Amino acid sequence: MTKRIIIVLVFVLFTCFGVGAQQAYSPDENIKLIFSLDSNGVPIYQILYGDKVVLKSSRLGFKIKNDEHHLSHGFKIIDSKFTSLDETWKPIWGEESEIQNNYNEFMVHLEQEKTQRMMIIRFRVFNDGVGFRYEFSDQANLGHFVVEKELTQFATTGDHIAFWIPGDYDTQEYDYIESRLSEIRGLMSNSITTNLSQTSFSPTGVQTSLLLKTDNGLYINLHEAALIDYSAMHLELDDKNYIFNTWLTPDSQGDGPYMVVPSTTPWRTVIVTDDARKILASRMTYNLNDPSKIEDTSWIKPMKYVGVWWEMITGKSSWAYTDNFKAVKLGVTDYTSAEPNGKHGATTDNVKKYIDFASKHGFEGVLVEGWNIGWEDWFGNSKDYVFDFMTPYPDFDLVEIQKYAKDMGVEMIMHHETSSSVRNYERHLDEAYQFMKDYGYHAVKSGYVGDILPRGENHYSQWMVNHYQYALEKAADYKIMVNAHEAVRPTGIGRTYPNLIGNESARGMEYQAFGGSKANHVTILPFTRLIGGPMDFTPGIFEMDISKLNPENNSHVNSTIANQLALYITMYSPLQMAADLPENYNRFPDAFQFIKDVGQDWEKSVYLEAEPGSYITIARKEKVTGNWFVGNVTGKGERISEISLDFLDRKKKYVATIYSDGDDANYKTNPQSYSIRKLDISYKSKIKLKSVEGGGYAISIVEKK
Ligand code: NOJ
Ligand code: CA
């Protein structure tokens, strides 16, 4: 009987996968990767989770531009190799102090029979998913080529639920849409919600990191790791067959990435689990990146910061010094004679107020935007006014601020809005970084708003990916930490270059002042955007009625205060902003205490509850103090969260301070209703709390002395 089953199985494998089907298992043997060549020599892979199919037979390969011999078929296997690794490494910052990197690797060496061109496909099978990439060795018949199309497929098994944003080459700043795969086409046109965005490249084109949920209980995340010298991967759904086809961001000429052998592509990643919490706990994306290339990392430090920022975002003040564009058109030095608009945010006095506030409440950093000339004409219509990143406005006294911040024990954070004039930025980069060093700035927030100038590149093409990398590596030479906004979404590169302490690359808090975001947005981001690395989300807004800051702005922040506190835990980042204005924190000093206390560098994280779109509850232990912090965000309807504190040390007693939604809290009508109470607790304690939609809770837990 068993023999018969084996014969049938072998037959099935043979007919499905052609000659030479080879398999690799995860270390716990739960995930299985099957590779084969079909009868036309087309490389095919499939992924199983236990007995559930994750991806059906999916093809691999490339179309090459201006070449009749595409790297798509006619291959034979000339070698294959199984290896494995089990190591532990220590991230410079992160959600835990040690990360296990444990996989079985299957490497297959293919040769195209007609051309003798060679292509290696390397698969790594982890307990939490599969990563694979293409490699091109130094070889006689393949030197350099332009990718016309990467043929990698992800053939899903049905009409899954997806958490997606439209395939856009220039922005990721969308609210996520939760729908069946079959609904994407119909929903796409309604989803173009931001004025920054363009139409999707296809009515079924979406971006990664994409989260899928299947009816048979699997959570699948599709993304990429180590996006270096290549174009970002989008996905186009074949919605008759539920197959995702790779769609690389083209360059300004419509081309895919330029490859010069020897070279490798980024890893294509498929994280899979039957427990949503394990998507959040997955470190596969980091594990597929190289170890740190920065030897001395002592200057890379997690930090909390405040900044002259939200007042501009809400329109209360301005980045620009003057509204009189004509007055400054004459020449850069003429700002002294230009009429100030009376709304400029980055004045010496105002910056000092933020420095005082940071110093008083223990924030390490102060960000100042709008300090440098050029904001009146930031797209460089008059050539002279494209940013030089070094000339302050006349009312911003750089030297005075440097001295004041130093005396108050606060670090200044630089701001470089490039206005997407990327060549201009590259021209100034050395001087600008040196300037930062000279004036005591060790971190920069950079930004890429608008179309890429001057050659009409897309934000996520290979050329731009290389630019972000160039700016990051050069910053490392100057020992500068980078927090890049509007850059390509991260793919775990923070492991290799840990000076990348933040990225935006998704819809951040700013949209709550631009018309609002969905109340459950923050229950999706950790499953999607955060898979590749931390986000500078800029939480901590206490005044939800934006018209109180700027009567002309009627936006409403769709969140309760308790939800805002929880974000410091649920949205992991080594860089965390307290984004609201000092005067709004001064109105709620008891709630603000949580933001002052909360850590941002962790020894351990425990994922207590999670369901994408609905809720996330995480507990984290701070590295130096050993304090624990818990955060819950709730996205759809009211919910009772019940957690056990059994992660606490059995020998210790603790005091918990619980910040939760008030009984009458409502993210629309009563967002500032919260309650705070203290409790004696131990590892035996259980906590049951009600969170409203757009609400949540935050708990700080310190040892009882
Ligand atoms: C968009 C960024 O996300 C925001 O944080 C910044 O203030 C503006 N660009 C101006 O650079
Ligand atoms: Ca932005």
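If you're wondering where the values come from, they're calculated on a predicted model, not measured in any experiment. Order of appearance sets the numbers: ligands from 1, and atoms from 1 within every ligand.
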Check: [X] ring centre within less than 6.0 Å of [Y] ring centre:
| X | Y | value |
| --- | --- | --- |
| F514 | Y511 | yes |
| Y448 | Y468 | yes |
| Y585 | F542 | yes |

Only one of F435, Y425, W371 passes ring pair (Phe, Tyr, Trp, His ring centres under 6.0 Å) with F389, and that residue is Y425
Kindly assign one of parallel, tilted or perpendicular to the pair H467 and Y470, based on the angle between their ring planes and the thresholds 30° and 60°.
tilted
What N, O or S atom of [X] is found closest to the Ca ion (ligand 2)?
| X | result |
| --- | --- |
| E510 | OE2 |
| E486 | OE2 |
| E173 | OE2 |

**Request:** With a 4.0 angstrom cut-off on heavy atoms, strictly below it, pick out the residues next to ligand 1 and order them by chain and number.
**Result:**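 Those residues closer than 4.0 Å to ligand 1 by some heavy atom are W309, I313, W319, E369, W375, H415, E417, K445, V449, H485, E486, E504, E510.
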Applying side chain to side chain donor-acceptor pair (under 3.5 Å) to N372 and not counting sequence neighbours gives W375
Donor-acceptor pair between N520 and E693 side chains, under 3.5 angstrom = no
